[in-house]
Protein chains: 2
Amino acid sequence: MVTKAAKRAKAGTGRARPTASFALPLASVDVVALSVFEQALQVLLVRRPNARGEPFPGRQALPGGFIDVAVDVDLVSCARRKLHDKTARGSLYLEQLGSWGGAARDPRGWSATHAYLALLPKDDALPGNGGVGAEAEWRRVDEVLRKGGLAFDHLEILTAGVERLRSKAEYTSLPAYLLAEPFTLPQLQRTYEVVLGRPVDKSGFRTRMLSAQFLVEAGYVEGDSNRPPMGYRLREPETPAFFPRTFSPRG
Amino acid sequence: MVTKAAKRAKAGTGRARPTASFALPLASVDVVALSVFEQALQVLLVRRPNARGEPFPGRQALPGGFIDVAVDVDLVSCARRKLHDKTARGSLYLEQLGSWGGAARDPRGWSATHAYLALLPKDDALPGNGGVGAEAEWRRVDEVLRKGGLAFDHLEILTAGVERLRSKAEYTSLPAYLLAEPFTLPQLQRTYEVVLGRPVDKSGFRTRMLSAQFLVEAGYVEGDSNRPPMGYRLREPETPAFFPRTFSPRG
DNA sequence: TTAATAGTGTCTATGAGACAGTATCAA
DNA sequence: TTGATACTGTCTCATAGACACTATTAA
C-alpha cells in the first residue's frame with residue numbers, strides 16, 4: 001500500500017520525489033543512555049530479537065527502533081518513548097547526538113537513525129521495571145568498547161555519545177545529570193573523574209562548580225563516620241551550566 | 001494505537017524490505033550554507049517550485065530535498081549532492097547540524113530532515129554556475145532572520161546553523177573556512193568579527209591564530225597602498241583547530 | 001612626510017592549578 | 001585522640017585583554 005503522503009508527493013514535480021521508485025529510507029531513533037555507578041561509565045543496552053528475518057539476532061544494541069508516525073509527534077518524543085520516560089524521574093537529560101544513515105548500515109535497506117544522548121542517574125530506567133527496561137541491562141562502557149559486537153553501527157554511535165559527554169564534561173555541568181539528587185560535591189567530583197578519565201583537583205573543582213551558580217544547597221547528608229557533606233540539587237534541571245574555561249592540567 | 005510497523009518490528013517478522021507495507025516518514029537532507037562577504041554573514045537560499053501540490057510554493061528555502069536511496073550512499077554524500085559539491089573547491093567545511101522531524105513540519109506527512117552546516121568562501125557555489133546554483137542566491141542572514149518567511153521550519157534550522165557557527169567561532173578556527181585562500185590575518189579577523197558580532201583585539205587575535213598552528217604562510221599579498229600583509233593557507237583543511245580558551249571580553 | 005594598514009612589545013589582572021592547611025564527624 | 005572525609009586559604013604562574021608602539025608600503 002502506498003500512503004497518502006507518497007501519492008501527494010508523486011503528484012508533485014519530479015524534483016520533489018525520486019521518480020523511479022517510492023523507496024523511502026527506513027527511519028529510526030536510537031538512544032545512548034549513560035550513567036555512572038560502580039566507579040565506571042555505564043550504557044543501557046537491549047538484546048536484538050532472535051526471530052527469523054531480524055538483523056543481528058541476539059546481539060546487543062542501543063535501545064531504539066522505528067519511528068511510529070501514528071504515535072510519535074516528533075523525534076524527541078520518539079526518543080523519550082524508546083527510553084520509557086515514565087520510569088525516569090527528575091533530572092533526565094536528553095540531547096540530540098546526530099544521525100547516521102546510509103545504504104549499508106541495515107541489511108533490510110537504506111536506513112537512517114536519529115541518535116539521542118541521554119544522561120540519567122542509576123535509579124532511573126533500571127532493568128526490570130517493565131517495558132524496554134525488562135530486557136535492558138547496564139554494561140560498562142569500557143568493556144563494550146573493547147569487546148565490540150553491537151548490532152548495526154551502534155558501536156560507532158556509542159563512541160560518539162561517550163565522546164560527546166567527555167568533551168562537554170570539560171566545560172559544562174552535564175555529569176551532574178548522572179547522579180541522583182541530592183548529591184554531594186565529592187560525589188560529583190568522582191563522577192567527573194570517571195567521565196574525564198583523570199583526577200581533578202578538589203579545591204579548583206569546588207570553586208568551579210559553586211561559582212557556576214547551578215547548584216542549590218539541599219541540607220547536609222549523613223555520612224558513615226566523618227564530616228557530613230552538603231547535599232546539592234540542580235537549580236534549573238532543564239538548563240545545564242557552561243563554565244568559562246575548560247578543565248585542563250597546567251599547560 | 002500501535003501501527004503495523006511497530007508490531008512487525010516487535011514481533012520480528014518484518015519483511016526484508018518494508019517499502020510500502022507501512023508508513024515511513026519522508027526523509028530529506030537540507031544544508032545551511034554560510035559565507036561571509038560584504039561585511040555580513042550570508043546564507044545560500046533556493047526558491048520552492050510553484051507547481052501544484054508543492055508545499056510553500058515560491059517561498060525561499062534551504063537547499064536540500066529528499067534522500068534518493070538509489071543515488072546517495074549515505075547522508076553526507078547526499079548533503080554534498082544537494083550542494084553540488086563539484087562547484088565547491090578546496091576548503092569546503094561540512095558538519096552535521098542536527099535533525100528535525102515531526103508530524104507537522106511538512107503538509108505532505110510525517111517528515112524528518114537531516115540538516116548539515118556548510119561553510120564556504122564566496123567564490124564557491126556561486127549562483128549561476130549550473131544545477132542548484134542556478135536557482136540559488138546569497139542572502140544576508142540578519143535580514144532573513146528579521147523578515148522570516150522561509151519554507152517549512154527552515155528558519156529554525158538556519159538559526160541553529162548560525163548559532164552553531166557563532167559558538168564554535170569562540171574556540172575554533174571555523175571562520176577560516178569562510179574565506180578563499182590565501183587570506184590574510186586582518187581578513188580573518190574581520191571575518192571573526194562579523195561572525196561574533198563584536199570587535200576583537202588585533203594583537204590577541206594574531207597570537208591566538210598563530211599559536212594554534214593551523215595556518216601556513218603563503219607569501220605576501222599585494223595591497224593597494226600600504227604594507228603588504230602575509231597570506232596564509234590552512235595547514236590541514238580537513239581538521240579545524242581548537243583553541244584552549246574561548247574569546248571573551250574581560251570579565 | 002603623510003596616510004593607511006600590518007604587525008609587535010609590554011603591562012596587568014584574572015583565575016586556574018597545586019597543595020598545605022583547617023573543620024567536623026564517629027568510634 | 002585518632003582516623004577519615006569535608007572543606008578552605010594561599011601562593012604562583014600562564015595568559016588573555018588592553019593599548020601603545022614600530023614597520024612597510026604608495027603617493
Side-chain angles (χ1 to χ4, degrees), chain A residues 39 169-173 176 179 182-193 196-233 241-251, chain B residues 39 169-173 175-176 179 182-194 196-233 241-251:
Chain A
Q39 307 282 27
E170 297 281 358
Y171 60 95
T172 72
S173 64
L179 289 172
F183 51 82
T184 70
L185 283 180
Q187 282 178 335
L188 186 58
Q189 182 179 347
R190 281 190 286 274
T191 304
Y192 267 90
E193 289 174 335
L196 294 173
R198 65 177 136 89
V200 164
D201 178 76
K202 181 168 45 170
S203 175
F205 181 81
R206 302 183 118 270
T207 52
R208 192 186 181 84
M209 294 301 137
L210 295 178
S211 62
Q213 304 274 13
F214 71 100
L215 298 173
V216 288
E217 297 189 352
Y220 286 96
V221 180
E222 80 282 1
D224 297 323
S225 133
N226 39 32
R227 179 174 175 176
M230 176 61 75
Y232 292 90
R233 296 178 185 280
F242 284 70
F243 309 131
R245 300 190 189 176
T246 64
F247 282 99
S248 67
R250 180 73 55 104
Chain B
Q39 306 281 29
E170 297 280 0
Y171 61 97
T172 72
S173 64
L179 288 171
F183 51 81
T184 70
L185 283 180
Q187 283 178 335
L188 186 58
Q189 182 180 346
R190 282 189 285 274
T191 304
Y192 267 90
E193 289 174 337
V194 165
L196 294 174
R198 66 177 135 89
V200 164
D201 179 75
K202 180 168 48 169
S203 176
F205 181 80
R206 302 183 119 270
T207 53
R208 193 186 181 85
M209 294 301 136
L210 294 177
S211 63
Q213 304 273 11
F214 71 101
L215 297 173
V216 288
E217 297 189 351
Y220 286 97
V221 180
E222 81 283 1
D224 297 323
S225 135
N226 38 34
R227 178 172 174 178
M230 176 61 75
Y232 292 91
R233 295 180 184 281
F242 284 71
F243 310 133
R245 300 190 188 175
T246 64
F247 282 99
S248 66
R250 181 71 54 105

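Within every chain, numbering begins at 1; the chains are lettered A, B, ... in the order of the sequence lines, protein sequences first and strands thereafter.
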Looking only at the side chain of A:Pro228 (C-beta and beyond, no hydrogens), which of the listed nucleotides C:dA18, C:dG7, C:dC25 gets closest? C:dC25
Take atom CG of B:Leu210 and atom P of C:dG7, then tell me their distance rounded to the nearest Å. 9 Å
Starting from the first five and the last five pairs of the helix from C:dT1-D:dA27 to C:dA27-D:dT1, work out the angle between the resulting helix axes, to 10 degrees. 10°
Verdict with reasoning, A:Phe183 to A:Leu215, per side-chain contact (heavy atoms from CB on, under 4.5 Å): CA-CA 10 Å; A:Phe183 51 82; A:Leu215 298 173; 3.7 Å; yes
What class does the angle between the rings of B:Phe242 and B:Tyr171 fall in, given that below 30° is parallel, 30 to 60° is tilted and above 60° is perpendicular? tilted
Under the criterion side-chain contact (heavy atoms from CB on, under 4.5 Å), I'd like the reasoning laid out for A:Met230 against A:Leu185: C-alpha separation, chi angles, the key distance, then a yes or no. CA-CA 8 Å; A:Met230 176 61 75; A:Leu185 283 180; over 6 Å; no
Evaluate the criterion side-chain contact (heavy atoms from CB on, under 4.5 Å) for residue pair B:Tyr232 and B:Leu210; output intermediate values, then yes/no. CA-CA 10 Å; B:Tyr232 292 91; B:Leu210 294 177; 3.9 Å; yes
Kindly say whether, by distance alone, the side chain of B:Ser203 makes a donor-acceptor pair under 3.5 Å with the base of D:dG17? no
Between C:dT8 atom P and B:Met209 atom CE, what is the distance in whole Å? 15 Å
Once you round it to whole Å, what is the distance between P of D:dT8 and CZ of A:Phe205? 14 Å
Rounded to the nearest angstrom, tell me the gap between atom CZ in B:Arg190 and atom C1' in C:dA4. 12 Å
When B:Lys202 and A:Pro229 are each assigned the nearest nucleotide of DNA chain D, the 5'-most assignment goes to A:Pro229
Here the distance between atom C1' of D:dA27 and atom CZ of B:Arg227, to the nearest Å, is 19 Å
Could you check whether the rings of B:Phe214 and B:Phe243 sit parallel, tilted or perpendicular, using 30° and 60° as the cut-offs? tilted
Whole-Å distance separating the CG atom of A:Leu215 from the C1' atom of D:dA6: 16 Å
Check step by step if side-chain contact (heavy atoms from CB on, under 4.5 Å) holds for A:Tyr192 and A:Met209. CA-CA 11 Å; A:Tyr192 267 90; A:Met209 294 301 137; 3.6 Å; yes
For A:Arg206 and D:dT8, is the shortest distance between a side-chain N/O and OP1 or OP2 below 4.0 Å? yes
Check the distance between C:dT8's P and B:Leu185's CG and give it to me in whole angstrom. 9 Å
From the options C:dT8, C:dA18, D:dT8, select the nucleotide whose nearest atom is closest to the side chain of A:Asp201. C:dA18
Distance-minimising heavy-atom pair for A:Pro182 and A:Gln187: O-OE1, 4.4 Å
Between C:dT5 atom P and B:Tyr220 atom OH, what is the distance in whole Å? 19 Å
